[in-house]
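For the numbers below, each heavy atom of this structure counts, side chains included, while hydrogens, waters and symmetry mates do not.
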Number of protein chains: 2
Amino acid sequence: MTSEPTQNSRTIEELDERKAAILEAIVTQYIGSAQPVGSSQVAASPSVSVSSATIRSEMVALERDGYLVQPHTSAGRIPTDKGYRFFVDHLATPGQLGPQQRQQVSSFFTDVQGGLEDVLERTSSLLSDLTSYAAVVVGPSHEEAGIRSVQVVGLTAHRALVVVVLSDGGVENLPIELGDDVGDETLALASVHLQRSLLGSTLAALATVPVSGERSVDTICLTVVSALSSAVNAPDHEAVYVGGPSRLAGSFDAIETVQGVLTILEQQLVVVSLLRDVMERGLSVAIGSEHGYEPLASCAVVVAPVQVDGRHAGAVGLLGPTRMDYPSAMAAADAVGRQLSERIEADRGALERTRGDGSNHG
Amino acid sequence: MTSEPTQNSRTIEELDERKAAILEAIVTQYIGSAQPVGSSQVAASPSVSVSSATIRSEMVALERDGYLVQPHTSAGRIPTDKGYRFFVDHLATPGQLGPQQRQQVSSFFTDVQGGLEDVLERTSSLLSDLTSYAAVVVGPSHEEAGIRSVQVVGLTAHRALVVVVLSDGGVENLPIELGDDVGDETLALASVHLQRSLLGSTLAALATVPVSGERSVDTICLTVVSALSSAVNAPDHEAVYVGGPSRLAGSFDAIETVQGVLTILEQQLVVVSLLRDVMERGLSVAIGSEHGYEPLASCAVVVAPVQVDGRHAGAVGLLGPTRMDYPSAMAAADAVGRQLSERIEADRGALERTRGDGSNHG
DNA sequence: TCTCAGCACTCAAGTCTACCGAGTGCCAAC
DNA sequence: GTTGGCACTCGGTAGACTTGAGTGCTGAGA
């Protein structure tokens with residue numbers, strides 16, 4: 001009834017219209033109540049207009065085909081991962097943010113201040129607040145951003161800090177060991193030399209630093225370049241911001257599940273690859289065991305890309321139970337990902353228009 | 001039997017020797033088993049050599065005085081916050097790290113690399129791994145650290161990033177809005193001017209920046225200084241690193257408790273003030289409701305200071321159930337806090353010896 | 001052939017009972 | 001003051017019973 005003819009023609013490939021309507025009613029009600037849904041509850045749904053007996057026989061077929069399970073005889077049905085998948089792919093209406101949510105997002109992005117890291121951190125909180133699920137934000141890998149500034153600042157006689165400012169507003173800082181006792185003047189010279197050589201190149205493709213003539217300066221430059229490239233290639237280089245992990249405690253009733261999921265979230269590397277895996281498979285939702293991480297078998301992940309100039313520049317994600325509210329979650333992730341993309345893109349775009357690649361700087 | 005005479009003379013002020021021994025046995029066993037402890041179990045303890053009947057009558061007194069409670073008749077006793085407090089103050093033996101733990105700590109601090117933020121982050125994981133409790137690390141407030149470098153890097157025509165490197169290895173970066181379209185040359189001039197003026201002063205007491213003569217430079221300097229001071233005075237300025245929050249899930253059986261504690265940990269400001277409150281009262285342990293945070297009523301907090309040159313420079317803490325293993329937790333927090341202090345102190349000490357306050361730089 | 005009301009059946013969850021056992025408080029004896 | 005003995009309390013477990021939600025099946029009607 002509620003489905004348009006065009007949608008029917010798509011869904012009919014796998015399930016006939018009535019089965020799809022029944023599945024939709026079950027998923028929707030189960031998401032809302034967390035209780036197994038019985039045939040009479042489905043019959044009460046306005047989108048289904050057959051008797052509960054007919055629904056029961058359809059449910060038997062849906063269970064046989066793997067869309068539903070019964071926790072036990074004399075209980076209602078629960079969707080399987082496959083059931084959720086069909087719901088997400090064919091049945092869920094696109095989902096819109098409510099007006100006050102939209103307001104919340106837009107005022108967030110107009111008000112938020114601070115460096116890129118701060119913005120990403122707060123974005124994860126925003127996304128979690130919007131949806132009541134745990135949120136994950138993976139920032140743009142700085143490899144693609146242009147280098148705006150390089151500076152070597154002495155900390156002790158043998159240690160210095162390399163500070164690199166990138167065109168996307170990110171800041172990388174990493175300490176280096178200096179072989180000899182190096183004076184501030186030499187460090188300043190090295191900073192200037194590095195700045196001149198590396199400005200405008202990216203961390204991923206560092207320009208070669210020409211020989212300066214001064215031996216101690218060249219030593220420092222070599223150290224800096226190798227430190228930078230190894231830091232960029234380190235596996236845990238990409239920063240992950242987790243928002244609202246406490247929401248997980250409300251999403252599951254088994255405390256072991258909560259602990260398992262929290263443990264996963266502590267491993268930044270795993271989170272990054274999870275999101276990347278999902279996106280590389282062209283999905284925006286991974287349900288239950290669709291991603292290969294067993295501790296997350298009772299979780300669903302909703303991902304939205306962050307894109308800058310059409311290129312992948314990170315992701316925002318939501319982590320909740322498989323019975324999560326997919327339409328809302330997808331809408332929220334989508335909106336936030338889009339706005340975050342715009343925010344980063346606007347900065348970079350303005351940069352490239354007004355400052356070029358920075359090669360006229362020195 | 002196991003208590004030395006000197007300890008007895010201290011404990012006798014509140015509880016006689018036998019009561020203290022009984023309380024100690026109950027606390028120790030309850031920490032281990034999480035089950036109410038009965039009189040016969042206490043009688044089995046080697047440090048108590050009276051019959052269970054005698055122990056029972058002592059337990060009645062201990063309960064009357066508020067050291068113990070009984071969950072219900074016909075159950076054993078559980079320590080109250082007051083009971084834990086007496087245990088911590090008078091009974092707990094100082095506690096030593098095991099040899100492999102000590103090894104773990106020292107190899108961590110010799111191996112750890114990265115900027116200050118990275119070190120603090122990883123320290124929180126270390127502390128959590130050592131103890132199986134959630135750990136908290138509050139870094140040195142950068143207010144006291146000397147400024148090693150100030151730089152203004154243009155991002156777009158109207159936005160720039162101020163990057164300040166501090167003598168303790170910390171890096172502050174915050175974006176500023178530029179009123180007019182400012183060229184890179186002006187920003188470079190402003191950087192030099194700021195650097196010359198602010199080097200060696202602290203974020204808390206920013207030196208005044210003299211007028212440079214160039215109007216646009218002065219405008220930028222004013223913006224930078226006001227942005228810096230407002231950022232430093234912002235309430236959420238101090239960074240908190242939480243390690244092993246998933247351990248909380250194993251520490252409590254009620255999922256609501258876990259959620260409440262996790263929610264607290266998400267509020268950096270609350271965590272900072274909690275640790276500060278505890279330390280300002282001269283405590284290293286706050287048990288149950290001793291700190292005023294209701295959601296943490298079933299938690300105990302163990303704190304150890306991070307001190308640089310005898311001054312407070314942050315804290316490390318552990319958060320666990322009130323029935324946590326206080327001796328181990330205190331030993332771990334103490335050791336890690338001490339080593340972290342040394343680490344930061346060594347850097348700064350070397351700095352002050354070899355580079356002075358930096359005023360000869362420019 | 002599809003639909004559906006009716007019906008017998010299943011089974012989780014709640015209630016009631018009985019029982020066990022850990023642990024207590026009390027008391028009389030030492 | 002200490003202790004063994006003893007009656008008592010009460011949470012937890014197990015079993016019997018009831019309830020009710022929900023099912024699968026079947027036969028009649030469209």
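To the nearest angstrom, C1' of D:dT23 lies 13 Å from CD1 of A:Ile26. For the pair A:Ile55 CD1 and C:dC2 P, the interatomic distance rounds to 17 Å; values are reported in whole Å. Atom pair B:Ile78:CD1 and C:dG23:P shows a separation of 12 Å (rounding to whole Å applied). One atom, CD of B:Gln29, and another, P of C:dG23, lie 10 Å apart when rounded to the nearest Å. In this entry the distance linking CE of B:Met59 with C1' of C:dC26 reads 16 Å, nearest Å. Remark: C1' of D:dC10 and CZ of B:Arg77 are 14 Å apart, rounded to the nearest angstrom. Atom CD1 of B:Ile22 and atom P of D:dT2 are 10 Å apart (whole Å). Atom pair A:Tyr30:OH and D:dG22:C1' shows a separation of 16 Å (rounding to whole Å applied).
Counting heavy atoms from C-beta outward, A:Pro79 and A:Ile26 have side chains that approach closer than 4.5 Å. A 4.5 Å side-chain heavy-atom check between B:Leu262 and A:Leu248 finds every atom pair outside the cut-off.
B:Thr54 has no side-chain polar atom (N or O) that falls below the 4.0 Å cut-off from OP1 or OP2 of D:dT2. Close to C:dA22, at under 4.0 Å from its OP1 or OP2, lies no side-chain N or O of B:Arg56. Between B:Arg18 and the phosphate of D:dT2, there is a side-chain N or O to OP1/OP2 separation shorter than 4.0 Å. Here B:Ser51 reaches the OP1 or OP2 of D:dT3: one of its side-chain N or O atoms lies under 4.0 Å away.
Not one N or O on the side chain of A:Glu58 forms a donor-acceptor pair closer than 3.5 Å with the backbone of A:Arg18. Remark: the backbone N or O of B:Gly243 is not paired with any side-chain donor or acceptor of A:Glu266 at under 3.5 angstrom. No side-chain donor-acceptor contact under 3.5 Å links A:Arg247 to the backbone of A:Leu319. Within the 3.5 Å criterion, the main-chain N or O of B:Glu290 finds no donor-acceptor partner in the side chain of B:Asp81.
Residue pairs meeting the ring pair (Phe, Tyr, Trp, His ring centres under 6.0 Å) criterion with at least one partner in residues 24-60 of chain B, sequence neighbours excluded, do not occur; the list is empty.
If you check every strand for non-hydrogen atoms under 4.0 Å, A:Glu63 touches nothing. Counting non-hydrogen atoms under 4.0 angstrom, A:Glu58 reaches nothing in the nucleic acid.
When the shell of 6.0 Å around CD of A:Glu294 is examined, it contains 12 or fewer heavy atoms from other residues, nucleotides or ligands.
Ranking D:dG22, C:dG23, D:dT3 by closeness to the B:Ala53 side chain, first place goes to D:dT3.
Residues of residues 64-73 of chain B that place a heavy atom closer than 4.0 Å to DNA chain D, in numerical order, are B:His72, B:Thr73. Taking a 4.0 Å limit (strictly below) on heavy-atom distances, residues 32-39 of chain B reaches DNA chain C at B:Gly38, B:Ser39.
Between the CG atom of B:Leu62 and the CG atom of B:Leu23 there is a distance of 6.0 Å, given to the nearest 0.5 Å.
When each of B:Val50 and B:Ser74 is assigned the nucleotide of DNA chain D with its nearest heavy atom, B:Val50 is the one assigned upstream, toward the 5' end.
Between A:Tyr84 and A:Tyr326, the ring planes are tilted. Angles from 30° to 60° get that label.
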